[in-house]
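Structure, as structure tokens:
The shown structure was predicted, so the numbers you read here are calculated from the model rather than taken from an experiment. Excluded from the calculations below are hydrogen atoms, water molecules and symmetry mates; all remaining heavy atoms, backbone and side chain alike, are included.
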Amino acid sequence: QVQLVESGGGLVQAGGSLRLSCAASGLTFSSYFMSWFRQAPGKERELVAAISWSGGYTYYADSVKGRFTMSRDNAKNTVYLQMNSAKPEDTAVYSCAADTKRTTIQAGLPNSWGQGTQVTVSS
């Protein structure tokens with residue numbers, strides 16, 4: 001019954017910016033760790049960023065650290081991924097994911113997934 005709906009994907013030039021959104025329903029938003037994963041063709045799914053409800057816990061993959069920022073708006077049950085200084089290697093399908101346990105997200109096994117949104121960074 002948990003539903004996660006991503007939006008904001010599209011085409012952006014290298015060095016540009018894009019903001020992804022994930023609207024959540026069917027869950028108690030405050031009790032979930034939220035995350036963004038990405039997967040490119042022929043590549044393993046990669047955890048990009050994660051955040052707790054309060055923001056007391058944050059995680060960023062080394063490949064995006066300093067360029068991407070994850071945030072949440074608890075009143076809107078929505079999380080965001082601000083992508084700055086985009087690189088061609090950021091091209092992937094980005095999926096929102098949620099779980100009540102931080103460890104399952106870090107293991108790449110969250111219980112709930114969105115459908116994904118395509119991000120393409122041109123060189």
> If you round to the nearest 0.5 Å, how far is OG1 of T91 from CD of Q118?
Replying inline: 7.0 Å
> Transitively linked via ILVMFWY side-chain contacts under 4.5 Å: I105 with L4?
Replying inline: no
> Does CD in Q13 sit with more than 12 non-hydrogen atoms of other residues, nucleotides or ligands closer than 6.0 Å?
Replying inline: no
> Which value, rounded to the nearest 0.5 Å, describes the distance between M34 atom CE and C96 atom SG?
Replying inline: 4.0 Å
>> So which atom in P110 and which in A97 form the shortest heavy-atom distance, rounded to 0.1 Å?
In response: CG-CB, 3.5 Å
> So do S30 and N74 actually touch side chain to side chain, heavy atoms under 4.5 Å?
Replying inline: no
> Can you list the residues that meet the side-chain contact (heavy atoms from CB on, under 4.5 Å) rule with S7, with sequence neighbours excluded?
Replying inline: S21
>> Tell me if a side-chain donor or acceptor on T69 pairs with a main-chain N or O of Q82 at a distance below 3.5 Å.
In response: no
> Looking at side-chain heavy atoms only, is the closest gap between L27 and S112 below 4.5 Å?
Replying inline: no
> Do the rings of Y57 and F33 sit parallel, tilted or perpendicular, given the 30° and 60° boundaries?
Replying inline: perpendicular
>> For G116 versus S95, what's the shortest heavy-atom pair and its separation?
In response: CA-OG, 3.6 Å
>> Looking at every non-hydrogen atom in both residues, tell me the closest pair between W113 and G108 and how far apart they are.
In response: CZ2-O, 4.2 Å
> At what distance, to the nearest 0.5 angstrom, does CZ of F29 lie from CG of D73?
Replying inline: 8.0 Å
> How long is the gap from CG on L109 to CG on D99, to the nearest 0.5 Å?
Replying inline: 9.0 Å
> Are any side-chain N or O atoms of E6 and backbone N or O atoms of Q115, one a donor and one an acceptor, separated by less than 3.5 Å?
Replying inline: yes
> Run the side-chain contact (heavy atoms from CB on, under 4.5 Å) check on R102 and Y59 step by step: do they pass?
Replying inline: CA-CA 10 Å; R102 185 197 90 245; Y59 167 86; over 6 Å; no
> So, for A14 and S123, which heavy atoms are closest and what is the spacing to 0.1 Å?
Replying inline: CB-CA, 4.4 Å
>> Is there a side-chain contact between R67 and M83 in this structure, where contact means two heavy atoms from C-beta onward sitting under 4.5 Å apart?
In response: no
> In the single-linkage hydrophobic clustering (I, L, V, M, F, W, Y; side-chain heavy atoms under 4.5 Å), do Y60 and V79 co-cluster?
Replying inline: yes
> For residues 19-38, which residue pairs qualify under salt bridge (Lys or Arg N to Asp or Glu O under 4.0 Å), counting only residues two or more places apart or in two chains?
Replying inline: R38-E46, R38-D90
> What closest approach, in Å, do V2 and G26 show between heavy atoms, and which atom pair accounts for it?
Replying inline: CG2-O, 3.6 Å
>> So which atom in G9 and which in V119 form the shortest heavy-atom distance, rounded to 0.1 Å?
In response: CA-CG2, 4.2 Å
> Out of curiosity, C22 SG to W36 CH2, how far, rounded to the nearest 0.5 Å?
Replying inline: 5.0 Å
> Would Y80 and L47 show up in the same hydrophobic cluster when neighbours are defined by side-chain heavy atoms closer than 4.5 Å?
Replying inline: no
>> Any heavy-atom pair between the side chains of F37 and V93 that's under 4.5 Å?
In response: no
> Linking I/L/V/M/F/W/Y whenever any side-chain heavy atoms sit under 4.5 Å apart, do Y94 and L18 land together?
Replying inline: yes
>> By the definition side-chain contact (heavy atoms from CB on, under 4.5 Å), identify the one residue from T58, L20, I51 that meets it with M70.
In response: I51
